Amino acid sequence: MPPYYLTTPIYYVNDAPHVGTAYTTVNADALARWHRLIGDDVFFVTGTDEHGAKIVEAAEAHGTSPQAWTDSTSARFVEAWKRLDISNDDFIRTTEPRHHAVVQEFLQRVYDNGFIELGLYTGLYCVSCEDYYTEEQLVDGKCPIHGRPVVQLQEENYFFRLSAFAQPLLDYYASHRDFVRPTTKRNEALGFIRGGLEDVSITRTSFRWGVPVPWDDGHVFYVWYDALINYLTVASYGSDPARFASLWGAAHHLIGKDILKFHCVWWPAMCMAAGIEPPAEIFVHGYLLMGGQKLGKTMIQAGVAGVGDDARRVRITDVSPLALADEFGVDPLRYHLLRDVPLGGDGDFSYEGIVSRYNADLANNLGNLVSRVATVVHSKCGGVGPAPDAASTLSDRVAEVLTASSEAWSRWAPHEALEATWKLIGAANAELEGTEPWKMPPGPEVDAVLGSALEVLRIVAVLVSPAMPGTAAEIWRRIGIEGDPSAARLPDDAAWGGYPGGVPVVKGEPLFPRRKG
RNA sequence: GGCGGCGUAGCUCAGUUGGUCAGAGCACACGGCUCAUAAUCGUGUUGUCGCGGGUUCGAGUCCCGCCGCCGCUACCA
């Protein structure tokens, strides 16, 4: 089994999980589940980023310690992903000892290799914010938040010699055409590199909530510099060389475009500086944008300033994925996130959009197919599912759809994989219309038609399991198959004729009750 | 300013190297069916493929210009 190591970004614990982070995580989860289906040895990881001045401030604001604060906020992510059926194999917190050890070992190597040096960071500093600003960020030369004059300040920091890696990065990009995808994002990264790289400060002395710099007690690493290294921590860098060697060559990062620079420029340079290969691939997705406004207050995060104020535009970061899961169901939410937004570009998230997709694809097509097949099996076959017809033309459609889905998943295109799968559902509905088994007398002919319909449902369940694992399992249960479609293996388990026949078919409530508004 | 991208049916979008490329889904209309969640199946309407030139036997598909929209242009998770 070839390894497939997939990561999400680790999420900053200053805030609760929102639909934007759920979007990234669900996409990664679906991809991980697909790779398990095709037999890869998947290692799928997510986690939380817990260091930095902002965490210290947040903890103080809540009257607690950074550790206690991050314990509680990190737990919210663990719970959210559990609720959304995220199948991560590990969960990394940057405050864990295993991570501190790897960060120190990794950066010590970079230091020993001569790519870290002491320097002076000079910047425009707002005393009220306790933060630096660039010229562009200032409003009339003053702090954009406090409107107070900023002062030129210097801080002694360690710098990573990013400037030394411009050419090595360009070379690497040239020899690894698919290092960053899609192409537009690759061009963006290349444009940034060609624009010239400056050294970056990677340590702070103004607070202690971070990973201590091993060669200088007074400093802790800047959050981004310890955060990226999580990808090595979970892969046993420095602790299990054999495991690391196996995993690292198969490392795939899924990220949002807001953190492109860190992942596509800093990170490969850091790897080079430490003497290891950059990851195999980085896929950059776009933003989920808020389309409509028709969200109930329960779907908006509690405690967000301005909630209920109609004048304020609802942002994606204000929307709670857990409330959406309560409203629509976990699988419909997952389906919408995967089906309605081509991964890579920006996309719209809207109440109208999710309802429309729910009714058209889930209630009308898939859910209704399950219902009508179950009903006719009960009226014509005594509730026992017959074996499929080996000569059914649907078997050809299955083969086509399997090919199209596989190809789409390999291109990080879940929406296309699902679109293809729905063509199979449509073909099954059309086949029923053409043969009208409900008009036939019980017998071999009816059995052949319904057996084939059940076989399509069996295979559809496998194909949709990366997107909707719960629904997939429920379909198998209803058509009388033991086990879990998520444990199926492709292509073998999509071979026509796998439905055993002679098993009980359950007539249940609608899988996805049609929604009115 | 520089670099990059986008603009195709009411909506969301597909359209490889120029020649059934004018498409899909949704929505809509009509017809069939009534097993099914007023679901399903079939058929069909809508487009000057942003605008203006050019290359070509032939261009959403290549070139030039223009209009409109957007992204990136470093230490913000």
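Computed over heavy atoms, backbone and side chain alike; hydrogens, waters and symmetry mates excluded. Just so it is clear, the model here is predicted, and its values are computed rather than measured.
- S452(A) meets the side-chain hydrogen bond (donor to acceptor under 3.5 Å, both in side chains) test with no other residue; sequence neighbours excluded.
- Residues that satisfy the ring pair (Phe, Tyr, Trp, His ring centres under 6.0 Å) test with H378(A), not counting sequence neighbours, are absent from this structure.
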message: Let's test your reading of the pairing rules: Watson-Crick or G-U wobble, both distances under 3.5 Å, then write RNA chain B as a dot-bracket string with ( ), [ ], | and dots.
response: (((((((..((((.....[...)))).(((((.......))))).....(((((..]....))))))))))))....
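- Here the side chain of E198(A) is nearest to one of rU40(B), rC76(B), rA74(B), namely rA74(B).
- In this structure, T375(A) reaches the sugar-phosphate backbone alone: every heavy-atom distance under 4.0 Å involves primed, P, OP1 or OP2 atoms, never a base.
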N/O donor to acceptor pairs below 3.5 angstrom from side-chain atoms of residues 177-185 of chain A, sequence neighbours left out:
residue : atom : partner : partner atom : Å
R181(A) : NE   : E281(A) : OE2          : 2.8
R181(A) : NH2  : E281(A) : OE2          : 2.8
K185(A) : NZ   : G344(A) : O            : 3.3

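- Remark: N364(A) pairs with R514(A) by the side-chain contact (heavy atoms from CB on, under 4.5 Å) rule, at least two apart or across chains.
- Between the CG atom of D340(A) and the C1' atom of rC11(B) there is a distance of 12 Å, rounded to whole Å.
- Distance from the side chain of N368(A) is smallest to rU40(B) among rU40(B), rC75(B), rU34(B).
- Applying the salt bridge (Lys or Arg N to Asp or Glu O under 4.0 Å) test to residues at least two apart or on different chains, the pairs with a partner in residues 371-381 of chain A are R372(A)-E433(A).
- Screening residues 188-213 of chain A for ring-ring contact (aromatic ring centres under 6.0 Å, His included), with sequence neighbours left out, gives H51(A)-W209(A).
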Is there any protein nitrogen or oxygen under 3.5 Å from a nitrogen or oxygen in nucleotides 71-73 of chain B, and what are the pairs?
residue : atom : partner : partner atom : Å
rG71(B) : O2'  : E188(A) : OE1          : 3.3

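- For T184(A), the side-chain atoms get nearest to rG5(B) when compared with the rest of rG5(B), rA24(B), rU37(B).
- In this structure, L338(A) places its CG atom 21 Å from P of rU12(B), rounding to the nearest Å.
- N365(A) places its CG atom 14 Å from the P atom of rA38(B), with the value rounded to the nearest Å.
- Applying the side chain to side chain donor-acceptor pair (under 3.5 Å) test between R93(A) and each of D71(A), N230(A), D49(A) identifies D71(A) as the sole match.
- Nearest nucleotide to the V200(A) side chain, out of rU37(B), rA74(B), rC35(B): rA74(B).
- The separation between N187(A) atom CG and rG2(B) atom C1' is 15 Å, rounded to whole Å.
- The side-chain contact (heavy atoms from CB on, under 4.5 Å) test applied to S201(A) returns Y121(A), N157(A), F159(A), R204(A), not counting sequence neighbours.
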Scan nucleotides 27-32 of chain B against the protein and return all N/O pairs shorter than 3.5 Å with their distances rounded to 0.1 Å.
residue : atom : partner : partner atom : Å
rG32(B) : N2   : E433(A) : OE1          : 3.0

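- Closest to the side chain of K423(A), out of rU40(B), rC75(B), rA24(B), is rA24(B).
- If you check rC76(B), rA74(B), rU40(B) against the side chain of N429(A), the one that comes closest is rU40(B).
- Scored by the side-chain hydrogen bond (donor to acceptor under 3.5 Å, both in side chains) test, Y231(A) finds H263(A) as partners (sequence neighbours excluded).
- The side-chain contact (heavy atoms from CB on, under 4.5 Å) search around D258(A) returns Y287(A), not counting sequence neighbours.
- Using a 4.0 Å heavy-atom distance criterion, G508(A) is classed as making no nucleic acid contact.
- Distance from the side chain of S371(A) is smallest to rA36(B) among rA36(B), rC76(B), rC41(B).
- When heavy atoms are screened at a 4.0 angstrom cut-off, Y222(A) is found touching the sugar-phosphate backbone but no base atom.
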